[in-house]
Enquirer: 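Pasting a structure below so you can have a look.
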Amino acid sequence: MPLSINEALAALPQPQRVIFLLHAWHGLSYDHIAFCLKLEVYQVEQSLAGALRALSTIIDS
């Protein structure tokens with residue numbers, strides 16, 4: 001049985017989950033997320049890419 005989106009999100013590491021939610025559901029830009037979380041923009045990009053890869057794997061399994 002496929003996981004729900006909530007279950008898939010819960011399986012992500014917290015930093016990836018937070019960045020994914022800030023971007024996907026709250027509509028924040030990479031720059032804004034980086035500023036709020038005191039990260040570099042490239043770190044936000046890498047974390048979001050990792051979250052998307054992980055979600056794809058989790059949902060497809």
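Below, each value reflects all heavy atoms present in this structure, side chains not excepted, and no hydrogens, waters or symmetry copies.
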Enquirer: How long is the straight-line distance from CZ of R53 back to CG of L12, given to the nearest 0.5 Å?
Expert: 11.5 Å
Enquirer: Starting from L48, can I reach Y42 by hopping between I/L/V/M/F/W/Y residues whose side chains sit under 4.5 Å apart?
Expert: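 Different clusters.
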Enquirer: Quick check: closest heavy atoms across A54 and Q16, and the distance to 0.1 Å?
Expert: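 Residues A54 and Q16, closest heavy atoms: CB-OE1, 4.4 Å.
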Enquirer: Take F35 and L28 through the side chain to side chain contact (heavy atoms under 4.5 Å, CB included) test and state the conclusion after the steps.
Expert: CA-CA 11 Å; F35 176 79; L28 297 183; over 6 Å; no
Enquirer: Is a side-chain donor or acceptor of Q43 paired with a backbone partner of E40 at a separation under 3.5 angstrom?
Expert: yes
Enquirer: Can you tell me how far apart CD1 (I19) and SG (C36) are? Round to the nearest 0.5 Å.
Expert: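 The SG atom of C36 is 11.0 Å from CD1 of I19, to the nearest 0.5 Å.
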Enquirer: Counting C-beta onward and ignoring hydrogens, is there a side-chain heavy-atom pair between V44 and L22 closer than 4.5 Å?
Expert: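 No. Closest side-chain heavy atoms not under 4.5 Å.
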Enquirer: Determine, step by step, whether I33 and L39 satisfy the side chain to side chain contact (heavy atoms under 4.5 Å, CB included) criterion, reporting the C-alpha distance in whole Å, the side-chain angles of both residues, the deciding distance to 0.1 Å, and the verdict.
Expert: CA-CA 8 Å; I33 295 168; L39 299 171; 5.5 Å; no
Enquirer: Looking at NE2 of H23 and CG of L21, how far apart are the two atoms once the value is rounded to the nearest 0.5 Å?
Expert: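 One gets 11.5 Å once the value is rounded to the nearest 0.5 Å.
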